[in-house]
Amino acid sequence: MGTEVSSPNEITEPLVGPSPAKPQLEESIPPWRDQITLRGIIVSALLGSLFCIITHKLNLTVGVIPSLNVAAGLLGFFLVKSWTGLLEKFGFFTKPFTKQENTVIQTCVVACYGLAFSGGFGSYMLSMDQRTYELIGKDYPGNRAEDVKNPSLGWMIGFMFVVSFLGLFSLVALRKVMVIDYKLTYPSGTATALLINSFHTNTGAELAGKQVQSLGKYLSISFIWSCFKWFFSGVGDSCGFDNFPTLGLAAFKNTFYFDFSPTYIGCGLICPHIVNCSVLLGAIISWGILWPYISTKDGDWYPENLESNDFKGLYGYKVFVAISLILGDGLYNLIKIILITTREIYNARSKQGFVPDVTIPQTEESSKLLIEENLRNSTFVKDSIPSWVAAAGYVTLAAISTATIPSIFPQVKWYLVLVSYVIAPALAFCNSYGTGLTDWSLASTYGKIGLFVFASLVGSKGGVIAGLAACGVMMSIVSTAADLMQDFKTGYLTLSSPRSMFVSQLIGTALGCIIAPLTFWLYWTAFDIGAPDGVYKAPYAVIYREMAILGVEGFSALPQHCLEICCVFFVAALLINLLRDVTPKSVSAYIPIPMAMAVPFYIGAYFAIDMFVGTAILFVWEKLNKKEADEYAGAIASGLICGDGIWTVPSAILSIFRIDPPICMYFKPS
């Protein structure tokens, strides 16, 4: 799954200080074919590979993935500007770098690395492997040896290709309805457009250059620091700065320590303060109070002397309580967004026949705004994608997928795949509309619904694999459909052709179908993925497999009192979300987010400490110089995350060649 967090900082304050330039009425808009360039595709492939590596690392460690859209736009601008500048120095003629080309690159990169998340490499796909099966226990009810499918490049790339394109064709015919008629805001898409528009003004380009310098500086610092840490990390999982008892050995035993991770500090700088504080609160409740209390019931609530990863003991409570919070939060937001969507559609339809008899005086400013809106509208509908192309594309891809998926997963019958594709466009519409209103994509929630429904329909003989595969199909379609609409909104505001946006999505998705599995395979071959005490715990692999088993078996296998505790946290998630919605914004801004609280329940408190350090730095920075913090925090955070992510590649290569760190830095009581 991964919990993707998009930062309000990207929305409320453009990264580049001055107000973004409005489109000039006389500006030349290049034809849609000229907006897609070879240099743009090469840059997109490079950045897509980098962000896939980063997304996999976050997915396989903590599952919290901040929005990297700002970094994609900024680095795309920097790389192409550097490219053209270098060629011009040698006397070569280069085409001007337009904001439309910048938008196409941004779209292509996001489509590529989005598959590292929606592809389930840290969640449903990894849930099928032998390690996750063994972690849950061979004698665990509903956990069958037949329901195992280990990762391999062949079937993963094939599965990506047959499911990832359907979401793009499912709603493309509704782009005008969503963007122009309903005027949905799509906050992240709007923020990205403001950012790109700003880059292509003189003042914006100057500040963008300074931001790139900051990003490069902190990328270098992060890379060098990660390299330095490697020398002390020894063999195994108990050495180095990642196991530094900064708050004392007693706190370290309960995972409360600062592990000097640039990635998590960067996440803390990007994610909103309330997200970081919610994660820390979840860590305190679970690892500071609940788990120490339940561990005192060893021999009473569950058998004594169980291994740390035995689901009959404390480990089972950790997983199922985390699941209850995630499901409670997801269910509440799903119902909320369906209600909001229904109300807004009804309001939009009721207003269509009502034309007020009011003459609005046209000022020069309002007249100019009207002309700009008309220019955007005409540009957006000019290069349309015929509806028959969208319909034919969806039907053809659905037919291919319906025939192919049962050969990849024999437990999934063809008619179940067909039913998925019949109902998927409706779910994709709900998710895309809700994302346009709230900026909150519930792709993983729709995936979990498919998981439970298909697991229970297929039953004990193959229900686990069938549910996980159905989760992948649903999650992929609704996620890519919402991403496409976000990108259409960006293209609308940057005067980019919808045809070039659609083609760039297709190119980015094709790149992602190859790059995402390949970059995952780098981790799979180099590191011990899924080890409960290792760095790459892959927390959501266990959670998703347990959800599938729950769909098949029900609640009979839970440890004593686990169901009651889960019900309490499920209801608490609903009530906390309700409280966030009914209280004034001045109050709700301080109410925690249950989804963010759930993450440390299973993983541990260490990354919550790191993220809180990041948010504390940002808080102090905003108090001292808010303008500077707004302009540079995103760039610095991206540098910290990218530098640590890039080090993963040489680290993996060293691991593949069995070159171990020379020193083990270890701490024990004196």
Side-chain angles (χ1 to χ4, degrees), residues 6-32 35-36 40 67 69-70 72-74 76-77 97-111 171-172 174-201 203-205 208 365-366 368-385 432-433 435-439 482-505 508 634:
S6 57
S7 168
N9 295 339
E10 296 170 17
I11 299 165
T12 58
E13 296 286 343
L15 195 69
V16 289
S19 297
K22 295 182 176 69
Q24 300 169 13
L25 307 187
E26 300 82 9
E27 71 177 293
S28 172
I29 301 172
W32 75 269
Q35 296 174 20
I36 303 169
S67 174
N69 291 12
V70 166
L74 190 61
F77 175 81
F97 181 44
T98 62
K99 63 185 178 185
Q100 287 81 12
E101 185 182 354
N102 203 162
T103 305
V104 164
I105 292 172
Q106 150 85 18
T107 299
C108 199
V109 173
V110 172
L171 294 184
V172 68
L174 299 179
R175 71 196 177 286
K176 179 178 176 292
V177 174
M178 307 284 259
V179 175
I180 295 178
D181 297 344
Y182 287 159
K183 291 182 169 59
L184 296 176
T185 54
Y186 287 102
S188 287
T190 300
T192 303
L194 298 180
L195 182 72
I196 291 171
N197 281 337
S198 292
F199 285 163
H200 295 270
T201 64
T203 52
E365 181 66 22
S366 63
K368 185 179 176 184
L369 290 174
L370 182 61
I371 294 170
E372 289 172 358
E373 184 175 354
N374 289 337
L375 177 63
R376 287 194 180 106
N377 291 348
S378 63
T379 303
F380 194 68
V381 298
K382 183 177 67 173
D383 294 325
S384 62
I385 298 119
S432 297
Y433 198 103
T435 304
L437 294 171
T438 65
D439 207 36
D483 288 345
L484 178 65
M485 286 300 163
Q486 286 272 21
D487 291 330
F488 275 143
K489 182 69 174 185
T490 303
Y492 172 76
L493 294 173
T494 58
L495 297 176
S496 303
S497 164
R499 195 170 290 182
S500 69
M501 300 297 292
F502 184 66
V503 172
S504 68
Q505 271 273 359

inquiry  = With side chain to side chain contact (heavy atoms under 4.5 Å, CB included) as the criterion, how do Arg376 and Leu495 come out once you've worked through the C-alpha distance, each side chain's angles and the decisive distance to 0.1 Å?
reply    = CA-CA 6 Å; Arg376 287 194 180 106; Leu495 297 176; 3.7 Å; yes

What's the shortest heavy-atom distance between [X] and [Y], and which atoms?
X	Y	answer
Cys108	Ser504	SG-O, 3.7 Å
Ile385	Pro498	CD1-O, 3.8 Å
Pro30	Gln35	O-NE2, 2.9 Å
Trp32	Ser500	O-CB, 3.6 Å

key: Note, His200 side chain near Phe97 side chain (heavy atom, < 4.5 Å)   =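 His200 vs Phe97: side chains touch.
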
key: Beyond-backbone contact of Tyr186 with Thr490, side-chain heavy atoms, under 4.5 angstrom   =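 Side chain of Tyr186 against side chain of Thr490, heavy atoms only: no contact under 4.5 Å found.
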
Could you tell me which residues satisfy side-chain hydrogen bond (donor to acceptor under 3.5 Å, both in side chains) with [X], sequence neighbours excluded, listed by chain and number?
X	answer
Thr103	Thr494
Thr107	none
Ser497	Asp383
Asn377	Tyr492

Polar side chain donor-acceptor pair, Ser496 to Gln100, under 3.5 angstrom =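 Per modelled atom types, Ser496 and Gln100 side chains form no pair under 3.5 Å.
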
query = Are the side chain of Asn197 and the backbone of Leu493 linked by a donor-acceptor contact shorter than 3.5 Å?
reply =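 It does hold such a pair.
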
With sequence neighbours excluded, tell me which residues meet side-chain contact (heavy atoms from CB on, under 4.5 Å) with [X].
X	value
Val109	Ser44, Leu47, Phe51, Ala72, Ile105, Tyr113
Asp483	Ser479, Gln505
Lys176	Ile180, Asp181, Val381

inquiry  = As a quick check of understanding, evaluate side chain to side chain contact (heavy atoms under 4.5 Å, CB included) for Thr190 and Lys489, giving each step before the final call.
reply    = CA-CA 7 Å; Thr190 300; Lys489 182 69 174 185; 3.6 Å; yes

key: Pair Arg175-Phe380, side chain to side chain contact (heavy atoms under 4.5 Å, CB included): steps then yes or no   = CA-CA 9 Å; Arg175 71 196 177 286; Phe380 194 68; 3.9 Å; yes

task = Before giving the answer on side chain to side chain contact (heavy atoms under 4.5 Å, CB included), spell out for Phe199 and Lys99 the whole-Å C-alpha distance, their side-chain angles and the decisive distance to 0.1 Å.
result = CA-CA 8 Å; Phe199 285 163; Lys99 63 185 178 185; over 6 Å; no

message = Let me confirm one number: the CE-CE distance from Met501 to Met485, rounded to the nearest 0.5 Å.
response =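 It is 11.5 Å, given to the nearest 0.5 Å.
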
request  = Go through the structure and list residues passing ring pair (Phe, Tyr, Trp, His ring centres under 6.0 Å) with Phe502, not counting sequence neighbours.
outcome  =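 Testing Phe502 for ring pair (Phe, Tyr, Trp, His ring centres under 6.0 Å), a comparison that skips the adjacent residues, returns Phe169.
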
